[in-house]
There are 2 protein chains.
Amino acid sequence: MKKEDILKKLRSSGLRPTKQRVEIAKFLFERDKTFHFTVESLENHLAKKTTCKFALATIYNTVHAFKKAGHLSEVDVRGKKTYFDTNITDHHHFYDNETSELIDIDASEVVIQKIPKAPNGKKIKNVEVFINLKN
Amino acid sequence: MKKEDILKKLRSSGLRPTKQRVEIAKFLFERDKTFHFTVESLENHLAKKTTCKFALATIYNTVHAFKKAGHLSEVDVRGKKTYFDTNITDHHHFYDNETSELIDIDASEVVIQKIPKAPNGKKIKNVEVFINLKN
DNA sequence: TTTTTACTTTAGAATTATTATAAACTAGAA
DNA sequence: TTCTAGTTTATAATAATTCTAAAGTAAAAA
């Protein structure tokens, strides 16, 4: 991903390209594979990869702005911490409770044959399949 | 549900039948339909329904003991609070983000035709389907 | 370019959900 | 009854997250 694309991510999220934000964006979006993280794990990765200092609040703010702009998604995981995902396509997850690790499942890997209709005046927004793993 | 059954729930959870615990057990298990709650919502319901006083810690302890004994299940919902469910059968959920309301879906209402195999040395523990609703 | 303005970062305080603690209380055994 | 182990409770502690206000910086205006 080019520098210009990183700036585009920031601009489209309503964020000025500051040193911290550029580092966060580069870390999150300059990669081939999907990345799952919590704010805490992201902070650790940033501390290792960059020389720049990051206040936790900056990471929270930036991640939330990316999420609001649709550049990140949030994953429902039981537990206290919030998990984010750089994969924003419609997809599903394996979850390994032993390691707290999430693994993406492409939407095409899951076929649902039957599903109930939405109640009363509601519509279905999306369907998430969550496969818990054990050893 | 008879009084003896309430006591059975408590005993099988390793809990002595104190006033508070009996009230909580009666409130949770003397009902026909599934009940979804957070510790906070349960506290509010108990305050209305009973004259007994409840420390938050007592509610947390009791609910966790029930969960550990398999009398309650926990639902993955994005957000800070932990949701519990009196339905302990294998089933799925609708989630209405507007109202933060959960609705049960019986396992028979969902048929999955294709699912990926578990990675490396792992096995599938269970599959949860979560249907988000919109208006 | 300088100045100005509006947005940012940051450290630390505040908040929220939950868990731990320790003293006062109680169910059930002896 | 009396005793003992398990309980309740208020409060403190912890953890994740959000808020705040002062100091810093990007980019528009002059």
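Just so we're on the same page: letters track the sequence lines, and every chain starts at 1. Quick caveat, the model's predicted, so the values are computed rather than measured.
- Comparing B:P17 and A:T62 against DNA chain C, the residue whose closest nucleotide sits nearer the 5' end is A:T62.
- Where A:A57 and A:K80 meet DNA chain D, the nucleotide closest to each residue was compared, and A:K80 sits on the side nearer the 5' end.
- In terms of phosphate contacts, B:T18 brings a side-chain nitrogen or oxygen within less than 4.0 Å of OP1 or OP2 of D:dT8.
- Spacing between atom CD of A:E43 and atom P of D:dT17 amounts to 11 Å, rounded to whole angstrom units.
- At least one side-chain nitrogen or oxygen of A:Y60 sits closer than 4.0 Å to the OP1 or OP2 atom of D:dT17.
- Per the geometry, CG belonging to A:L10 stands 10 Å off P belonging to D:dA27, to the nearest Å.
- For the ring pair (Phe, Tyr, Trp, His ring centres under 6.0 Å) test with B:F66, the passing option among B:F29, B:F84, B:Y60, B:F27 is B:F29; the others fail.
- Per the geometry, CD1 belonging to A:I59 stands 14 Å off C1' belonging to C:dA11, to the nearest Å.
- Residue contacts for B:K19: at a heavy-atom cut-off of 4.0 Å it reaches no nucleic acid atom on any strand shown.
- For B:R21 and D:dT7, the shortest distance from a side-chain N or O to OP1 or OP2 is below 4.0 Å.
- Taking only side-chain atoms of B:T58, from C-beta outward, the nucleotide of C:dT26, D:dT9, C:dT18 with the closest atom is D:dT9.
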(request) Would you check, one step at a time, whether the test side-chain hydrogen bond (donor to acceptor under 3.5 Å, both in side chains) holds for A:N135 with B:K123? (result) CA-CA 6 Å; A:N135 289 318; B:K123 288 177 189 164; over 6 Å; no
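- In this structure, A:K81 atom NZ and C:dT16 atom C1' are separated by 17 Å, rounded to whole Å.
- Rounded to an integer number of Å, the gap from CG of A:L56 to C1' of C:dT8 is 16 Å.
- Going from atom CD1 of B:I24 over to atom P of D:dT9 covers 9 Å, rounded to whole Å.
- Rounded to whole Å, the distance from CZ on A:F54 to C1' on C:dG12 is 20 Å.
- Ion pairing of A:E109 with B:K114 is absent here, as no side-chain N (NZ or NE/NH1/NH2) approaches a carboxylate O to less than 4.0 Å.
- A donor and an acceptor atom, one from each side chain of B:D85 and B:H93, are located under 3.5 Å apart.
- Using a 4.0 Å heavy-atom cutoff across all strands shown, B:G79 reaches no nucleic acid atom at all.
- B:L46 places its CG atom 15 Å from the C1' atom of D:dT8, with the value rounded to the nearest Å.
- Toward the 5′ end of DNA chain C lies the nearest nucleotide of A:Q20, the other residue of the pair A:Q20 and B:T82 mapping further downstream.
- Using a 4.0 Å cut-off between a side-chain N of Lys or Arg and a carboxylate O of Asp or Glu, B:K9 and B:E4 do not qualify as a salt bridge.
- Side-chain N/O atoms of B:H64 include none lying less than 4.0 angstrom from OP1 or OP2 on C:dT18.
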